[in-house]
Amino acid sequence: PGVKGNGSVYWEYVLLYTDDILAASENGERIIRDEIGKYFELKPDSIQRPTQYLGGKLRQVTLESGVTAWAYSSSQYVQAAVSNVEKYLDARNLKLPARAKTPLPTSYRPEIDTTPALNPSDAAQYQSLIGILRWIVELGRNDMCCEVSMMSSHLALPREGHLDRVYHIFAYLKSHHNAEVVYDPT
């Protein structure tokens with residue numbers, strides 16, 4: 001309740017709309033239906049096992065031990081991100097590197113890169129791409145955590161060589177998008 005300037009009491013109502021709720025529990029469906037459903041109107045046929053979360057695909061798998069586990073793939077998000085980068089580069093008559101077997105060449109050291117500093121527009125592009133890469137790492141691509149962290153440390157003064165190497169990471173992702181993390185509950 002609230003109080004108006006003249007002292008009268010009034011009620012304020014707030015409408016909350018969300019299209020996704022995830023309950024991570026052995027009783028997830030019951031928690032959503034019985035506990036959250038007590039307070040919010042839910043569409044009855046919408047309560048189901050998740051198939052997508054934060055831009056990635058979820059599925060249940062059975063491990064060799066017979067244990068049921070969840071598997072998460074960020075492939076869909078990664079492919080969309082690579083496609084967006086390719087469109088951006090195509091508009092500038094550029095392309096991703098043709099071959100990228102690793103996220104960064106093993107000999108590359110961003111801290112000693114002395115190429116020219118990026119102009120403000122390219123620096124903003126670099127910062128945006130680093131944000132996308134950091135999110136990809138958060139989505140389970142731990143295989144690139146070190147490389148993305150190294151490149152993230154140059155957000156304040158990115159250089160042309162840094163941007164080229166970030167494009168190299170996207171080239172790696174283009175051919176290595178289909179990674180999956182399995183969460184073993186044991």
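- Looking only at side-chain heavy atoms (C-beta outward), Y172 and P97 stay at 4.5 Å or farther from each other.
- Annotation for Y88 and R92: closest pair O-NH1, 3.0 Å, computed over non-hydrogen atoms.
- Between the side chain of R159 and the main chain of T115, a donor-acceptor pair closer than 3.5 Å is present.
- Heavy atoms of other residues, nucleotides or ligands lying less than 6.0 angstrom from OH of Y108 number more than 12.
- Put simply, the side chain of Q52 does not reach to within 4.5 Å of the side chain of R59, judged on heavy atoms.
- Between Y183 and L58 the shortest side-chain heavy-atom distance does not fall below 4.5 Å.
- Summarising the geometry, atom CD belonging to Q76 is positioned 11.5 Å from atom CG belonging to N178; distances are rounded to the nearest 0.5 Å.
- In plain terms, the two heavy atoms of A179 and S73 that are nearest each other are O-OG, 3.4 Å.
- Rounding to the nearest 0.5 Å places CD1 of I169 at 11.5 Å from CZ of R141.
- When all heavy atoms are compared, the tightest approach of P158 to A123 is CG-CB, 3.9 Å.
- Interatomic distance, CG of L133 versus CE of M151, reported as 9.5 Å (0.5 Å rounding).
- The side chain to side chain donor-acceptor pair (under 3.5 Å) search around H177 returns S75, Q79, not counting sequence neighbours.
- N119 contributes a side-chain N or O that, together with a main-chain N or O of D122, makes up a donor-acceptor pair within less than 3.5 Å.
- Counting heavy atoms of neighbouring residues, nucleotides and ligands inside a 6.0 Å radius, atom CZ of R49 does not exceed 12 of them.
- For the pair E147 (side chain) and L104 (backbone), a donor-acceptor distance under 3.5 Å is absent.
- Note that CD1 of I136 is 13.0 Å distant from SG of C145, once rounded to the nearest 0.5 Å.
- Residues Y126 and V166 come closest through the heavy atom pair CE1-CG2, 3.4 Å.
- A side-chain donor-acceptor contact under 3.5 Å links H162 to the backbone of P110.
- A 4.5 Å side-chain heavy-atom check between K95 and E86 finds every atom pair outside the cut-off.
- Looking only at side-chain heavy atoms (C-beta outward), I132 and I130 stay at 4.5 Å or farther from each other.
- Considering only heavy atoms from C-beta on, K57 stays 4.5 Å or farther from Y72 through its side chain.
- Scanning both residues, N142 and V137, for their nearest heavy atoms gives OD1-O, 3.9 Å.
- Closest of all the heavy-atom pairs between P103 and D143 is CG-O, 4.3 Å.
- A cation-pi arrangement is absent between R165 and Y167 under the rule of less than 6.0 angstrom and at most 45 degrees off the ring axis.
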